[in-house]
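Below is one structure, written out as structure tokens, with a few remarks after it.
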Amino acid sequence: MLIKKQTGIEMPSSEITPKHIYLSRRKFITGAAAVAGSALLAACASPGAESPTAVPESKAVDAATAMPADNATAVPIATADELGDPLNTFEEIINYNNYYEFTTDKESVAKLAANYPTSPWQVEVSGFVNKPQVFDLDDLRAFEQEERIYRLRCVEAWSMVIPWMGFPLAKLLDAVEPTADAKFVRFETVLDKANMPGQKSPWFQWPYVEGLRLDEAMHDLTLMATGLYGEELLPQSGAPIRLVVPWKYGFKSIKSIVKIELTDTMPTSLWMASAPNEYGFYANVNPQVNHPRWSQATERRIGEFGRRETLMFNGYAEQVASLYDGMDLRVNF
Ligand SMILES: Nc1nc2c(c(=O)[nH]1)N[C@H]1C(S)=C(S)[C@@H](COP(=O)(O)O)O[C@H]1N2
Ligand SMILES: [Mo]
């Protein structure tokens with residue numbers, strides 16, 4: 001449904017949501033339930049959307065009984081991405097994470113991050129903008145929340161399919177009005193050595209920094225994610241707000257953002273600073289350009305046996321290839 005509108009990719013009509021994955025998004029929208037709920041319905045029915053997937057009445061009722069109170073905000077989530085690949089399970093998504101601020105052990109992130117406080121929270125947006133602004137959680141909730149099912153392809157050659165909730169970064173950038181000098185967007189994760197044990201590691205320059213070119217940042221696929229599977233993000237996933245750039249390697253999708261700066265020079269990311277020969281600024285998923293230490297031609301989808309072919313731009317070439325017209329993707333890796 002919403003996904004079709006956003007990606008322009010046909011979602012098979014067979015992908016009607018079974019009731020076990022109707023989930024409540026009430027946690028994130030607490031205090032804004034009515035607004036967000038109606039906005040969501042409006043988005044489903046908007047004229048631009050290609051025939052939204054109908055939710056059968058009986059399933060809506062089931063969803064209502066399956067969850068308390070505000071069933072009006074229940075969100076149906078498809079079971080597969082637009083390529084037909086099944087979603088990874090909620091359990092897989094929240095128990096296998098990269099979040100070096102806590103640990104480099106993917107299966108221990110969830111436990112170590114479990115009690116990390118993510119409310120209250122502020123995101124400061126500054127730099128080359130007409131209207132610099134500090135967004136608190138309520139400000140972020142005021143953006144219409146949408147579902148997006150995206151493949152996440154880690155540079156380490158594993159991948160997942162994740163149903164995110166969030167809003168296009170473009171909407172936030174529109175709100176602050178980038179000036180003509182703004183060419184790049186620089187993002188920073190919270191710096192909190194006392195509560196993030198991984199930030200004591202001398203191997204990296206903290207805080208975690210990432211960057212996008214302004215046109216990449218404004219692309220409709222670029223998402224500020226606030227939830228997944230209809231639930232507010234958990235700390236291990238980058239609560240309360242993280243970036244998701246589905247056509248780039250996962251490390252570009254920076255977690256727990258506190259600062260966004262519009263700049264006129266290319267930001268140096270944490271990964272560029274730590275290993276410039278291995279990690280470039282663009283980091284577009286590209287099966288033809290190998291990591292210096294391993295092939296990027298194939299990947300392991302979490303939950304599957306065997307390997308899959310990696311797709312150019314992670315399968316989003318139709319939407320994003322034109323951003324790189326005329327660029328040598330081996331040089332600009
Ligand atoms: N702040 C921060 N953001 C981060 C990371 C990190 O270590 N710290 N890891 C990145 C990497 S390498 C990947 S693959 C994704 C993983 O996101 P997930 O744990 O939600 O699957 O987060 C990215 N964002
Ligand atoms: Mo990654």
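Both counts, for ligands and for their atoms, begin at 1 and track the order of listing. Because the structure is predicted, anything quoted here is derived from the model rather than measured. One-based numbering along the sequence shown.
- Tyr100 N, 2.7 Å is the protein heavy atom nearest to atom 7 (O) of ligand 1.
- Looking at atom 24 (N) of ligand 1, its nearest protein heavy atom turns out to be Ser253 O, 2.9 Å.
- With atom 11 (C) of ligand 1 as the reference point, the heavy atom nearest to it among Asn97, Leu270, Val244, Asn98 is part of Asn98.
- Residue-level proximity to ligand 1 for Tyr208 is carried by the side chain, the only part with a heavy atom below 4.0 angstrom.
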Report the C-alpha separation of Asp85 and Arg151 in whole Å, then their side-chain angles, then the decisive distance to 0.1 Å, and conclude whether the salt bridge (charged side-chain N to carboxylate O under 4.0 Å, His left out) test is met.
CA-CA 9 Å; Asp85 295 345; Arg151 292 170 291 286; 5.3 Å; no
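- Under the 4.0 angstrom criterion for non-hydrogen atoms, Arg242 is in contact with ligand 1.
- Only the side chain of Leu152 comes within 4.0 Å of ligand 1, counting heavy atoms alone; its backbone N, CA, C and O stay farther away.
- With hydrogens left out, the protein atom closest to atom 15 (C) of ligand 1 is Gly250 O, 3.6 Å, a heavy atom.
- The atoms of ligand 1 that sit less than 4.0 Å from any heavy atom of Thr189 are 1 (N).
- For Tyr116 and Phe102, the distance between ring centers is under 6.0 angstrom.
- Using a 4.0 Å cut-off between charged side-chain N and carboxylate O, Glu210 and Arg242 make no salt bridge.
- Counting atoms of ligand 1 from 1 in the listed order, those under 4.0 Å from a heavy atom of Cys154 are 14 (S).
- What sits closest to atom 3 (N) of ligand 1 on the protein, heavy atoms only, is Lys255 N, 3.1 Å.
- For ligand 1, the atoms lying closer than 4.0 Å to a non-hydrogen atom of Ile254 are 3 (N), 24 (N).
- Considering all non-hydrogen atoms of both residues, Val244 and Trp164 come closest at CG1-NE1, 3.5 Å.
- Checking Arg301, Glu304, Arg153, Arg308 one by one against Ser159, the side-chain hydrogen bond (donor to acceptor under 3.5 Å, both in side chains) holds for a single residue, Arg301.
- Judged by distance alone, the side chains of Glu82 and Tyr150 never bring a donor and an acceptor atom under 3.5 Å apart.
- Inspection of the Asp136 and Trp121 side chains reveals no N or O donor paired with an N or O acceptor under 3.5 Å.
- Between Tyr100 and Trp203, the gap from one ring centroid to the other reaches at least 6.0 Å.
- Closest to atom 8 (N) of ligand 1 among all protein heavy atoms lies Glu101 OE1, 2.8 Å.
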